[in-house]
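Not measured: the values here are computed from a predicted model. Keep in mind that the numbers below use all heavy atoms, side chains included, and drop hydrogens, waters and symmetry copies.
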Amino acid sequence: MIDGIMYGISVFVGIVAGIGVTIGVDCFRAKKQNANDKKNLSFEIRCNLSKIEKWLELIIE
């Protein structure tokens with residue numbers, strides 16, 4: 001009887017731990033993805049601004 005209760009508790013704790021790990025990994029991935037998205041956005045903006053400047057120079061000429 002006690003063995004069954006202990007088994008049930010250990011399964012429950014394992015499930016809760018698995019959920020915690022999954023949530024932690026998802027949060028870590030989301031933060032990493034946000035950082036990459038910010039870097040990509042700033043690169044795209046800089047690239048587009050430089051192209052606009054070149055086009056304006058060509059138009060002026």
Side-chain angles (χ1 to χ4, degrees):
M1 178 71 178
I2 292 179
D3 289 338
I5 293 172
M6 291 301 291
Y7 179 75
I9 291 173
S10 64
V11 168
F12 176 74
V13 170
I15 291 170
V16 171
I19 291 170
V21 168
T22 302
I23 290 171
V25 169
D26 286 344
C27 288
F28 176 75
R29 284 184 181 170
K31 286 182 182 180
K32 191 172 182 178
Q33 185 64 40
N34 285 341
N36 286 338
D37 289 346
K38 288 178 185 177
K39 288 179 186 177
N40 288 340
L41 179 62
S42 73
F43 173 77
E44 288 289 331
I45 290 172
R46 280 186 272 123
C47 184
N48 289 340
L49 287 175
S50 69
K51 286 182 181 181
I52 290 172
E53 288 175 359
K54 289 178 185 177
W55 289 340
L56 287 174
E57 289 174 3
L58 288 174
I59 291 173
I60 291 171
E61 292 176 0

Side chains of residues 48-57: which donor-acceptor partners sit under 3.5 Å, not counting sequence neighbours?
residue : atom : partner : partner atom : Å
Asn48   : ND2  : Glu44   : O            : 3.3
Ser50   : OG   : Cys47   : O            : 2.7

Taking distance alone, no hydrogens or angles, what donor-acceptor pairs closer than 3.5 Å link side-chain atoms of residues 12-28 to residues at least two apart or in another chain?
residue : atom : partner : partner atom : Å
Thr22   : OG1  : Gly18   : O            : 2.8

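For residues 32-41, the side-chain hydrogen bond (donor to acceptor under 3.5 Å, both in side chains) pairs, not counting sequence neighbours, are Gln33-Asp37.
The side chain to side chain contact (heavy atoms under 4.5 Å, CB included) search around Ile5 returns Met1, Ile9, not counting sequence neighbours.
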